[in-house]
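So the structure is just underneath, and the comments pick up after that.
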Amino acid sequence: MHPIALIILAAIAIDALLNVTADVLNLKSVSTRLPAPFEGWYDLRRYARAQQYLRVNTRFGWLVSAVDLLVLILFWFGGGFQWLDLWVRGFGFPEIGNGLLYIGILLGVKAVLGLPFGIYRTFGIESRFGFNQTGWATYVADRLKGLGLTIVLGGPLLAAVLAFFHYAGSVAWLYCWAATVGFMLLMQYIAPAWIMPLFNRFEPLAPGKLRDAITAYARSIDFALDNIFVMDGSKRSSKSNAFFTGFGRNRRIVLFDTLVEKHSTGELVAVLAHEMGHYKHRHIGKNLLANILQAGVMFFILSFFIAYPGLFEAFGVTEVSVYAGLIFFSLLYAPLDGLTGLLLLALSRIHEYEADLFAVRTSKKGGDLITALKKLSVDNLSNLEPHPFYVFLNYSHPPVLLRIAAIEKEIRGENRVFPSLKRSYE
């Protein structure tokens, strides 16, 4: 077996071992004892249901991962990459056309194989635990819209990457990086106004007590508030959420209709204060910059491997091509990508703490924020005590109990998590 094949297989095995270990530790950390901060919020029957939800999703995740790995191994060592390459070349298309067809077929087959699992997750697991509100018409429409966007938006970017590496020589990675950065910035701008409305309806928050309270808070922190929308999240799920997206005139704060329905005015102001905290701390820009740097590193390393003969030998492909090199490199690069992903997750958790503390310090509604977090956790059947190793590998937000503890310390004036931020917005 080729050494590169051994390296990739070892990386896949280590990644699987780490994730299964984290899952097992996470399941073992489940306790029938209700954490003290949630006494009176969870009855024991619903708390047991939340733990069952965790078990079902974890085991289902194992099944999906096992099938994905089995398909990859069978296709790889069954000569699938070579067979598909010869078949695609038989059409006589130009190299860029070959690449779009080759990668498109692989992604299409992966999507089709994953479709039964997605259907079961939505109409099986999510329905079983009372979350799913998606009808078949909406589900099919979502899949078709997603496919259309992938073709219309992702196709030209992929074609540009293939063309640059095929024609631009040693500086191809720089052109690819620039094109990708442009695409990322474009998506940040157009997604809120043009893409997201393809999937959900966004209505401006109606005049009334809630809008008045939010407007008054926004003025107090000098936040230009033009776009607050309520999204019909109940169209797909009974779960609640809120988020900040976009920049420039297309930036917007979005509340799920389920969130508005279940929370008081004070709680919603506290939640929005958290979202405005992300903006005030420039978290969106920082995350975008981190992703841009990550893409630059990836393209730079890719430039050394995309035409490396040993990489093609490892996958049993006889003719070197840019498009196959992209696929093979993605498997080789996965471990390093995973490491940078862990750094981004850690950065995200820090940002969530910062946004929480910003909300407490500026809105003076720390109690309301705690109440909102508790309601969200109960309504969404969240795992209250995830294992630290699982959090390290998977969580973009700190566990809810740690967030509550940090907020309570801030209310008491004892918080030392981010002393540099202390009183900076009073």
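Because only heavy atoms are used, hydrogens play no part in the values below, and waters and symmetry mates are left out as well, while side chains stay in.
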Distance from Glu267 atom CD to Leu373 atom CG, nearest 0.5 Å?
-> 10.0 Å
Determine, for Lys280 against Glu275, whether the closest basic-nitrogen to carboxylate-oxygen distance falls under 4.0 angstrom.
-> no
Give the intermediate values and the outcome of ring pair (Phe, Tyr, Trp, His ring centres under 6.0 Å) for residues Phe131 and Tyr53.
-> CA-CA 11 Å; Phe131 292 128; Tyr53 184 59; 5.2 Å; yes
Salt bridge (charged side-chain N to carboxylate O under 4.0 Å, His left out) pairs, two or more places apart, involving residues 99-128 = Glu126-Lys239
Taking NZ, NE, NH1 and NH2 as the nitrogens, is one of them in Arg236 or Asp142 under 4.0 Å from a carboxylate oxygen of the other?
-> yes
Relative to Tyr139, does Arg143 satisfy both conditions: NZ or CZ under 6.0 angstrom from the six-membered ring centre, and within 45 degrees of the ring's axis?
-> yes
Using 4.0 Å as the upper bound for N to carboxylate O, is an ion pair formed by Arg201 and Glu203?
-> yes
For residues 288-297, tabulate all N or O donor-acceptor pairs below 3.5 Å that involve a side-chain atom, not counting sequence neighbours.
{"from": "Asn291", "atom 1": "ND2", "to": "Asn287", "atom 2": "O", "distance (Å)": "3.0"}
{"from": "Gln294", "atom 1": "NE2", "to": "Asp337", "atom 2": "OD1", "distance (Å)": "3.1"}
{"from": "Gln294", "atom 1": "NE2", "to": "Thr340", "atom 2": "OG1", "distance (Å)": "2.8"}

Parallel, tilted or perpendicular: rings of Trp173 and Trp177 (30°, 60°) | parallel
Give me the ring orientation class for Trp76 and Phe315: parallel if the planes are under 30° apart, tilted from 30 to 60°, perpendicular past 60°.
-> parallel
Phe60, CZ atom: more than 12 neighbouring heavy atoms under 6.0 Å = yes
In this structure, CD of Gln51 is separated from CG of Leu384 (nearest 0.5 Å) by 8.5 Å
